[in-house]
Number of protein chains: 2
Amino acid sequence: MVKRSGVLEFAVLGILHEGPMHGYVLRKRCNAVLGSFRAFSYGSLYPCLKQLVAAGWIAEDTDASPAAAAGKRSRIVYRLTADGKEHFQELVAESGPSTWEDDGFGVHFAFFGRADTATRLRILEGRRSRLEERMDGFRAALTRTRERVDGYTLELQRHGLESVEREVRWLNELIETERQTGTTAARTTAGDGPDPSVHTSTT
Amino acid sequence: MVKRSGVLEFAVLGILHEGPMHGYVLRKRCNAVLGSFRAFSYGSLYPCLKQLVAAGWIAEDTDASPAAAAGKRSRIVYRLTADGKEHFQELVAESGPSTWEDDGFGVHFAFFGRADTATRLRILEGRRSRLEERMDGFRAALTRTRERVDGYTLELQRHGLESVEREVRWLNELIETERQTGTTAARTTAGDGPDPSVHTSTT
DNA sequence: GTTAGCATGTAAGGAGTTACATGATTTT
DNA sequence: AAAATCATGTAACTCCTTACATGCTAAC
């Protein structure tokens with residue numbers, strides 16, 4: 001029983017908003033969108049797709065193109081179901097711990113355009129308070145160990161602290177923008193209606 | 001067969017350089033040293049310790065303190081063997097992929113003081129070239145998708161790029177220092193002789 | 001006609017986590 | 001004597017990767 005869920009599931013549902021695809025292109029599209037944050041292998045993608053079908057979030061249409069018609073192994077085209085869209089909206093709005101992790105946040109953020117302003121604000125603020133905790137941790141470590149640790153550990157902690165501080169400033173800007181305008185930074189259209197983002201395109 | 005290796009193994013061997021300890025304090029010390037980069041649970045620590053014993057990198061001494069002498073479950077004190085020290089030196093010098101990962105790098109860096117200058121330089125440069133690849137990835141993504149993606153994805157990529165650039169600058173400084181002095185930033189004593197770093201202390 | 005790349009999958013394993021079980025020792 | 005916390009472990013599960021197996025189709 002190889003259960004599957006989490007970040008890959010989320011990404012698949014997110015990508016499928018662009019329209020029906022079969023596994024192969026889905027993975028490419030996925031790795032293109034998530035860019036440098038995460039990459040998935042077929043070994044996890046295909047089993048994940050099956051799970052999502054079983055759960056009812058997506059449906060498979062065995063390719064109806066003329067080329068298929070024989071008894072051959074036709075390509076399977078996956079599309080989002082209504083339930084899947086709904087489920088995705090729940091996931092986007094979710095503020096569970098995984099969202100605050102580094103990985104999880106990158107992926108979540110990649111589909112931010114599909115959440116509404118209130119959700120976005122909540123997620124951004126959640127992430128920020130997580131980072132603030134980390135900052136405290138760094139600062140505590142820095143004062144605690146300043147004398148009895150070698151220069152490298154110190155350097156690492158300093159660099160870590162500065163990175164986190166930078167990200168907090170970034171989040172502050174985003175939160176500010178979000179508060180003022182609600183919808184300036186992006187074309188905001190939550191999960192209904194025609195796609196707010198890219199459709200599969202020639203690359 | 002629950003195999004174990006990698007970053008936890010590395011951390012355990014690193015920490016045990018400070019002196020013999022039993023599992024409980026080892027984990028605390030570990031999470032203290034690795035601070036905000038990584039935390040381990042007992043569920044992975046204890047099995048890992050057994051593996052390390054089986055491999056001969058560490059040895060267990062059933063606590064010889066007077067309190068134990070009865071038939072009770074005495075606390076097990078782990079100490080590094082000579083083989084273990086040797087193995088750790090190999091691991092520190094290792095430039096395998098996991099070292100360039102974010103997680104792996106933080107942990108590796110935390111024990112940098114136990115590697116020699118040449119090794120340190122190699123690792124720092126390896127990390128840097130990894131980051132440079134990532135930078136290229138970000139830049140490519142930024143130009144590729146500038147028009148057909150919503151503002152959030154763009155923001156994310158920009159922030160990501162800047163973070164990586166910052167880290168590259170940081171690495172450059174470290175590499176520079178390392179090249180000039182070899183041993184200014186830290187009290188450098190590679191894996192022999194008495195400990196270069198902290199001994200178990202009251203906290 | 002054979003390499004390259006499209007397309008789908010499975011089996012085994014890796015590196016951990018959570019939740020649970022248990023018992024010893026110290027503090028209040 | 002009850003509560004906290006020290007101390008050691010196991011079982012089940014998570015979520016993904018690698019390596020493998022397979023077959024189709026387009027390009028050279």
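To find a chain, count down the sequence lines: A is the first, B the second, and so on, and within it residues start at 1.
C:dA15 atom P lies 9 Å from atom CD of B:E9, rounded to whole Å. Atoms CG (A:L45) and C1' (C:dC6) sit 14 Å apart, rounded to a whole Å. Note: CD (B:E60) to P (D:dT8) measures 10 Å, nearest angstrom. The nearest whole Å value for the distance from the CD1 atom in A:I76 to the C1' atom in D:dG23 is 14 Å. As a whole-Å value, the separation of B:Y42 OH from D:dA7 P is 8 Å. If you take CG of B:L49 and P of C:dG16, they are 13 Å apart, rounded to a whole angstrom. As rounded to whole Å, 15 Å separates atom C1' of D:dC16 from atom CG of A:L34. The separation between A:L52 atom CG and C:dG9 atom P is 13 Å, rounded to whole Å.
Put simply, A:S41 has no side-chain N or O that comes within less than 4.0 Å of OP1 or OP2 on D:dC16.
Residues A:L156 and B:F109 meet the side-chain proximity criterion, which asks for heavy atoms closer than 4.5 Å.
The side chain of A:K28 sits closest to C:dC6 out of C:dT10, C:dC6, D:dC16. You'll find that the side chain of B:S44 is closest to C:dT17, out of C:dT17, D:dC16, D:dA7. The side chain of A:K50 lies closest to C:dG9, out of D:dT10, C:dG9, D:dC16. Here the side chain of B:F40 is nearest to one of C:dG9, C:dT17, C:dT8, namely C:dT17. Distances from the side chain of A:H22 to the nucleotides C:dG9, D:dT10, C:dT8 place C:dT8 closest.
Within the 3.5 Å criterion, the main-chain N or O of B:Q89 finds no donor-acceptor partner in the side chain of B:R114.
By the ring-ring contact (aromatic ring centres under 6.0 Å, His included) test, A:F37 is found to be paired with B:F138, residues two or more places apart in sequence or in another chain being considered. Listed by chain and number, the residues in a ring-ring contact (aromatic ring centres under 6.0 Å, His included) with B:Y42 are B:Y24, B:Y46 (sequence neighbours excluded).
The pair B:R127-B:E167 counts as a salt bridge, with a side-chain nitrogen and a carboxylate oxygen less than 4.0 angstrom apart.
Where B:Y46 and A:A39 meet DNA chain D, the nucleotide closest to each residue was compared, and B:Y46 sits on the side nearer the 5' end.
B:E86 and B:W57 share no side-chain donor-acceptor pair at under 3.5 Å.
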Every protein N/O lying under 3.5 Å from an N/O of nucleotides 3-5 of chain D:
none

- Query: B:R158 and B:E155: salt bridge (charged side-chain N to carboxylate O under 4.0 Å, His left out), yes or no, with the steps?
  - Reply: CA-CA 5 Å; B:R158 269 223 307 273; B:E155 260 310 309; 2.4 Å; yes
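Residue B:R38 is in sugar-phosphate contact alone, with no base atom involved, counting any heavy-atom pair closer than 4.0 Å across all strands shown.
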